Amino acid sequence: MVTLEPARKPLKGALRVPGDKSISHRAVILGGIARGTTEITGFLPGADCLATVRCMQALGVTVEVLAPDHLKVTGVGLEGLREPADVLDVGNSGTTIRLLAGLVAGRPYLTVLTGDASIRRRPMDRVAVPLRQMGAQVDGREGGRLAPLVIRGGGLRPIHYRSPVASAQVKSAVLLAGLSAEGETGVTEPARSRDHTERMLAGFGARVRVEGTTAWVEGRPRLEGQRLEVPGDISSAAFFLVAAALVPGSEVLIENVGVNPTRTGILDALRAMGAPIEVLNLREAAGEPVADLLVRGGQALRGTVIAGNLIPRLIDEIPVLAVAAAVAEGPTEIRDAAELRVKESDRIAAVAAELRKLGARVEERPDGMIIEGGARLQGGQVESHGDHRLAMALAVAAQVAAGPVQIAGAEAVGVSFPGFFEHLQALRRGGGAAE
Ligand code: S3P
């Protein structure tokens, strides 16, 4: 349980958020199947990415932890991966289970993947279906819909998969499986999801083509180890962007944040709500655009519509955007976001329930929510539902509540942002500290 008092003065300072979660997972996976060593700096030492490290070790890859955010991966090549001696436990990490399902689908042995109670509720048929089309045997509870997943891989053929959902996890699972098939494997999505896998595969030497919302990879590539500098996670920066936008007089600089256009929907949405955010010092690192983000607080925010192709570009930021919407002037409508129901928690039901406890007016829809806006949030007791992003969104709400907010299950922040509360306290004291 964490208790947060409202911010009594502006949030001020400069900080660095930990490394991008999506990129950290991919760096360990691709490093493991490349030849030679891959040195990763800025790695996110959160529970999710550490689960990927343990799973890759169980598949025969050597990963040395030189510092919590600095790894040396000794790649064994795709052919060098070996049958794990035990069930692989992904913890709370959807990215780990879905990407590794794709990776091991191409390997000629048995892999069993499972995770915590939340993972065992989340849909796995979205990866089981295409991986079976490629020739892998994929089973699990409820006919392969739920983990534990049991995969007997090998002998894959390339496919062109038309995914019903815009999901980078599905796209990446199919592309990673495609590495073991001879010929070109493609995935077409209804809208463009994050493209870190495509960028990083190309950086490691694979032949990747992108045409609109279709990504192709040529199988059996020669992947070479790389030096990778993981940028800060915009999904973690999002909590401070919103907190600073809401607390009058705030001025917060978040340095070294990944600003890949498939991830920057949060900037578009906050700007549409009237929050002034500046993108400074734009540069490139590890094939990804990176910048410093400066946000100033105090402008009255207004409600907006968040829908369509914008959704995959800010899917993980919707809990914290809902907080901004609750206090903004006028209603905010979020639609086309049914995916939120199958995240770490049912984020539509959970966000609505918890924000209501603080006095917000939120109406649930099957694929989103209507947030009435104009709420004067009050203090109270809320819970994270075991969901890291909900815990952090509620901590942001606490900054502008009228009284103290107690968050049960706040330790969930360690999944993606160890040190979150320390950074928040530093900004409240007026001197955000760099990582
Ligand atoms: C991720 C993809 C997204 C996102 C998740 C990370 C990834 O999930 O919500 O936090 O790293 O590929 P979906 O692929 O289910 O949309």
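Order of listing sets the numbers, starting from 1, for every ligand and every atom in it. Quantities reported herein were computed from a predicted structural model and do not represent experimental measurements.
Taking every non-hydrogen atom of Ile315 and a distance limit under 4.0 Å, the qualifying atoms of ligand 1 come out as 9 (O). Distances below 4.0 Å separate heavy atoms of Lys343 from the following atoms of ligand 1: 3 (C), 4 (C), 8 (O), 9 (O), 13 (P), 15 (O), 16 (O). Atoms of ligand 1 found under 4.0 Å from any heavy atom of Ala168, numbered from 1 in the order shown, are 12 (O), 14 (O).
Scanning the protein heavy atoms around atom 14 (O) of ligand 1, the nearest turns out to be Ser167 OG, 2.6 Å. Scanning the protein for heavy atoms near atom 1 (C) of ligand 1, the closest one is Gln169 NE2, 3.5 Å. In terms of protein heavy-atom proximity, atom 11 (O) of ligand 1 is nearest to Ser22 OG, 2.7 Å.
Judged purely by atom type and a 3.5 angstrom limit, Asp125 has no side-chain atom pairing as donor or acceptor with the backbone of Ala128.
The shortest distance between side-chain heavy atoms of Arg122 and Glu344 falls below 4.5 Å.
Under the 4.0 angstrom criterion for non-hydrogen atoms, His196 is not in contact with ligand 1. In this structure, Arg26 has a heavy atom closer than 4.0 Å to ligand 1.
The ring of Phe417 has its center closer than 6.0 angstrom to the ring center of His423.
Paired with Asp233 under the rule salt bridge (Lys or Arg N to Asp or Glu O under 4.0 Å), one option of Arg263, Lys21, Arg389, Arg16 passes, and it is Arg263.
Where the criterion is an N or O separation shorter than 3.5 Å, residue side chain and backbone included, Asp316 meets it with respect to ligand 1. Residue Glu344 places no N or O, backbone or side chain, under 3.5 Å from any N or O of ligand 1.
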